[in-house]
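First the structure, in the form of structure tokens, and then the observations on it.
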Amino acid sequence: MAIFECSGLTKTYGAKKALSNVNLSVEKGRIIGLLGPNGSGKSTLLKLCNGLLTPTAGTLTIGGSAPGIQTKQIVSYLPEHTYLADWMKVSDVLNFFSDFYKDFSVPKAEEMLTNLKIGKTEQLKTLSKGTKEKVQLILVMARQAQLYLLDEPIGGVDPAARDYILNTIIKNYNPEASVVISTHLIADIERVLDDVIFLKDGEVVLTSSVDDIREEKGVSVDALFREVFKC
Amino acid sequence: MNWTFDTDRPIYLQLKEQILLLIVSGSYPAGSKLPAVRDMAAEAAVNPNTLQKALSELERDGLVYTQRTSGRFVTEDDNMIQQAKKDLAYEQIELFLKKMAGLGYTKEETLALINNLVKE
């Protein structure tokens, strides 16, 4: 059964079409790469999934319902910008999240914080940009959600942390849950993905499994991306 | 074990080859239990579904089998493992012979060179 489905999904900002007639279906138990150059509509799609934007046309359902209170219980979303208050300590945001989400696991978050050597007593204000991003991702991954929507989760962090994050995604793997990762760092992430979706100027130009691309075209997803989006 | 992958071939095939190598080399001995899919996937840093596919292929070839409740095991049939090992060896030899042919050596000349090297 599909955890996420959209049909004819369109979003315009004034005269600009950010998404145009997008039809997608995401099955349970998949890890999916949402790939496209800057401005191709990746973040817009994820925002629509979270009800932060409303579609201009078309429909979108998560676990059978339109984005709303019910879907927020099963969707764990990492936005492109941080939204946590700077004065908070890491321990404060842990409490904040366990208040907000039934499925948030404090021990799991604490374990990841320890592994990435982030102190619980540190204030967000004093953390580097990359460390702040790590905290945010830990919060998102410590939930036992059915759909994880990660908007550029690895863009701002160092390669070692990147490996750890991808490892966390693999270890967290659950046949009932799906993960959608938007990124343009394809080479780093390709091995972790089941399927890829290529977005170009707001339109889906390709959906395929990673191994099908390699099998049929004899190139990596990274190489195919460079070909499709050649400037 | 260091898992590395070429960029131009399906990952599940490469996983299959590398697991097979672990079996024929005795790292995963006959009859032994394989690590859980999730742990193995994390170690190789690959998608669990992809690893699952590689294991299913090995299962189809009879080199591993699943016991419904207790996990996945390497076959107990040592002959089968030896055969798989031999197949891999032949593959390597054929590849090598092709390269030697590229250098202009016949099979007999190559064999003579090998004999010399072994004697030294």
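Note that the structure is predicted; figures quoted are calculated from it, not measured. In what follows, chains are A, B, ... by sequence order, proteins preceding strands, each numbered from 1.
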Within a 6.0 Å radius of atom [atom1] on [X], are there more than 12 heavy atoms belonging to other residues, nucleotides or ligands?
X: A:Asp201; atom1: CG; result: no
X: B:Tyr105; atom1: OH; result: no
X: B:Tyr65; atom1: OH; result: yes
X: B:Lys33; atom1: NZ; result: yes
X: A:Phe96; atom1: CZ; result: no

Check your understanding: Got B:Pro10 and A:Val210 here, is their nearest side-chain heavy-atom distance under 4.5 Å?
Key -> no
Point to revise | Note, A:Asp211 side chain near B:Thr50 side chain (heavy atom, < 4.5 Å) | key: yes
Point to revise | Contact class of B:Tyr12 relative to chain A, heavy atoms under 4.5 angstrom | key: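 For B:Tyr12, the contact with chain A is made by backbone and side chain together.
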Review point. Where on B:Gln14 is there a heavy atom nearer than 4.5 Å to chain A: the side chain, the backbone, both, or neither?
Key: side chain
**Study point:** side-chain contact (heavy atoms from CB on, under 4.5 Å) evaluation trace for B:Ile11 with A:Arg214
**Key:** CA-CA 8 Å; B:Ile11 296 165; A:Arg214 287 167 171 247; 3.6 Å; yes
Point to revise | Donor + acceptor pair across side chains of A:Tyr173, B:Asn47 (<3.5 Å) | key: no
Point to revise | Between B:Leu13, B:Asp8, B:Asp6, the one whose heavy-atom pairs under 4.5 Å with chain A are most numerous | key: B:Asp8
Point to revise | Nearest-0.5 Å distance, OG of residue A:Ser209 to NZ of residue B:Lys53 | key: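 If I round to the nearest 0.5 Å, the distance is 6.5 Å.
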Point to revise | Nearest heavy-atom neighbours spanning B:Pro48 and A:Ile31 | key: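 Heavy atoms only, the tightest pair is CD-CD1, 4.3 Å.
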Review point. Sub-3.5 Å donor-acceptor pair from the side chain of A:Asn167 to the main-chain atoms of B:Ala42, do we have one?
Key: yes
Study note, to complete from the structure: Ordered numerically, the heavy-atom neighbours of chain B under 4.5 Å found in residues 180-196 of chain A are A:Glu190, A:Arg191, A:Val192, A:Leu193, A:Asp194
